[in-house]
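Here is the structure we will look at, set down as structure tokens.
A note on names: the letters A, B, ... follow the listed sequences, proteins ahead of strands, and every chain is numbered from 1. In this text, all values refer to a predicted model and were calculated from it rather than measured experimentally.
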2 protein chains.
Amino acid sequence: MGKSYKQYCALAKTFEIVGERWTPLIIRELMFGGRRFADLIEGLPGIGASVLASRLKDLESRELVYKAHLPPPAASSIYQLTERGASLGEKLLCLAEWGMELLGGKADDEVFQNRWILVHIKTAMDRELAEALSETYILKVDEDIYRIKVDHGELEAAQLIEIEKADAVITATAAVLLALHDNQLSFDDVVEQGVYKVEGELAAGRRFYELFIKAKRPTSTEVAA
Amino acid sequence: MGKSYKQYCALAKTFEIVGERWTPLIIRELMFGGRRFADLIEGLPGIGASVLASRLKDLESRELVYKAHLPPPAASSIYQLTERGASLGEKLLCLAEWGMELLGGKADDEVFQNRWILVHIKTAMDRELAEALSETYILKVDEDIYRIKVDHGELEAAQLIEIEKADAVITATAAVLLALHDNQLSFDDVVEQGVYKVEGELAAGRRFYELFIKAKRPTSTEVAA
DNA sequence: CCGGATCCGTAACGATACTG
DNA sequence: CAGTATCGTTACGGATCCGG
């Protein structure tokens, strides 16, 4: 695969793996559950099938990813993170946190997939607020359903097939969530307009917003001041 | 520069910068003080001058690095991290922490530079131990001198021109420090053999070892069990 | 349809040489 | 010392094709 840096340095060794094009994004895609080859192709627009195959082989050989052969009648196989691979994923979120400021409003030529909201949620969580909480939310974005569970600062997020019970079920479109995060809409407005629906406790729905969506970075008006 | 992923995702945006070959290592090189073009070439064996120039331009344009023109008679200029660049460096250390396990003993074809000990120290620090401490160490490795200051969990590390006073001055070769970290030598042995010299408080010299050098990962015997 | 392998044109990289 | 210029080699992106 890529050339080694030939340096006795932990940072260099890590970036021999994760510094190759697409590799960190492949790990991101696998962070919230196993995915098939075709799913990955779809989630990574622009990647070539040959590059993906090659990256997956490399990650398998390093035991960061393994291929699980589903029993018939599925007749398909999915790629999953090993425990070590998942621990790398957590570290990648450190960098995502740094990159949060690079994210202004979404440009027209940029792709966004609902699933990435979970990345956002895991990195943007207000840890101070989360310390005092123990709550489970269901988030419905378009056709996708996610479970987000906070337990005294610990966060668990996953994609679901069907709705489970939770302290609050929140329904919104990706556009609304992004606009909320970018401070283009206020929480009260979206609730009032019915585009951020909360079933269950309304206060829990607000806590979800405070925890995960509300921008922690300066708004454009604050920057101007 | 490198092609954009065209994804509205903080992780993708970050890796458009730091995912290019050499870029994370350039930031590593700048983490402990400004360096000249030629210094960088020397610290990054294998990089081409054209690639380095191009990476530095990119980092400058993103305001992660700036070029400081030293006043005459220095007649030279150095590259430095901006504050934002330094904050990225801190995040990179998260990944270095993950990669620590990839570091076995040093291979013969691998390069090692004394300065990287500071990377190691910043990522390997035993945080629990550090919480209770407030101490400054001088580390002399071959011709290089470093100041490492711990203050209740906060760590500050820099390269020095000359020795300052500190709680302990430790003198050792890089080979000894690496062998210590790899558990090939014990602390008591190296002190007794005089290859890990401590001026000042001996106990402080031992704390330095416990804090920064002692391997936190399983030894080969523990793995076998 | 899924999971690739193969081929091909283009862009990035590494090494060396050259310049202010 | 601080780069730029050139050139051969490698990696990537896109398309096509193939076996299960």
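To the nearest angstrom, C1' of dC12(D) lies 11 Å from OH of Y5(B). Residue H69(B) contributes atom NE2, which lies 14 Å from atom C1' of dC1(D) at whole-angstrom precision. Atom pair L44(B):CG and dG3(D):P shows a separation of 15 Å (rounding to whole Å applied). Computed from coordinates, the I41(A) CD1 to dG3(C) C1' distance equals 9 Å when rounded to whole Å. The distance between atom CG of L52(A) and atom C1' of dC2(C), rounded to the nearest whole Å, is 13 Å. Remark: C1' of dG3(D) and CG of L56(B) are 11 Å apart, rounded to the nearest angstrom. We find that CD1 of I26(B) is positioned 13 Å from P of dG3(D), with the value rounded to whole Å. For the pair I78(A) CD1 and dC2(C) P, the interatomic distance rounds to 15 Å; values are reported in whole Å.
G43(B) approaches Q113(B) most closely through the heavy-atom pair CA-OE1, 3.3 Å. Nearest heavy-atom pair, L180(B) versus Y196(B), reported as atom, atom and distance to 0.1 Å: CD1-CD1, 3.8 Å. Across all their heavy atoms, K6(B) and E16(B) have their closest contact at N-OE2, 3.8 Å.
For R36(B), taking side-chain heavy atoms from C-beta onward, the closest of the listed nucleotides dA5(C), dG3(D), dA2(D) is dA2(D).
Between K67(B) and dG3(D), a side-chain N or O to OP1/OP2 separation shorter than 4.0 Å is present. Using a 4.0 Å cut-off, some side-chain N or O of Y79(A) falls inside it from OP1 or OP2 of dG4(C). A sub-4.0 Å separation between OP1 or OP2 of dG13(D) and a side-chain N or O of K6(B) is absent.
Here the side chain of Y5(B) pairs no donor or acceptor atom with the backbone of L11(B) at under 3.5 angstrom.
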Contact state string [nucleotides 6-20 of chain C, B base, S sugar-phosphate only, - no protein heavy atom under 4.0 Å]:
B-----SSSB-----

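Residues forming a ring pair (Phe, Tyr, Trp, His ring centres under 6.0 Å) with F15(B) (at least two apart in sequence, or on another chain): none.
Within the structure, the salt bridge (Lys or Arg N to Asp or Glu O under 4.0 Å) test picks out the following pairs touching residues 60-69 of chain A (sequence neighbours left out): D58(A)-R62(A).
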Could you walk me through whether I78(B) and R35(B) pass the side chain to side chain contact (heavy atoms under 4.5 Å, CB included) test, one step at a time?
CA-CA 5 Å; I78(B) 59 172; R35(B) 313 209 85 209; 6.0 Å; no

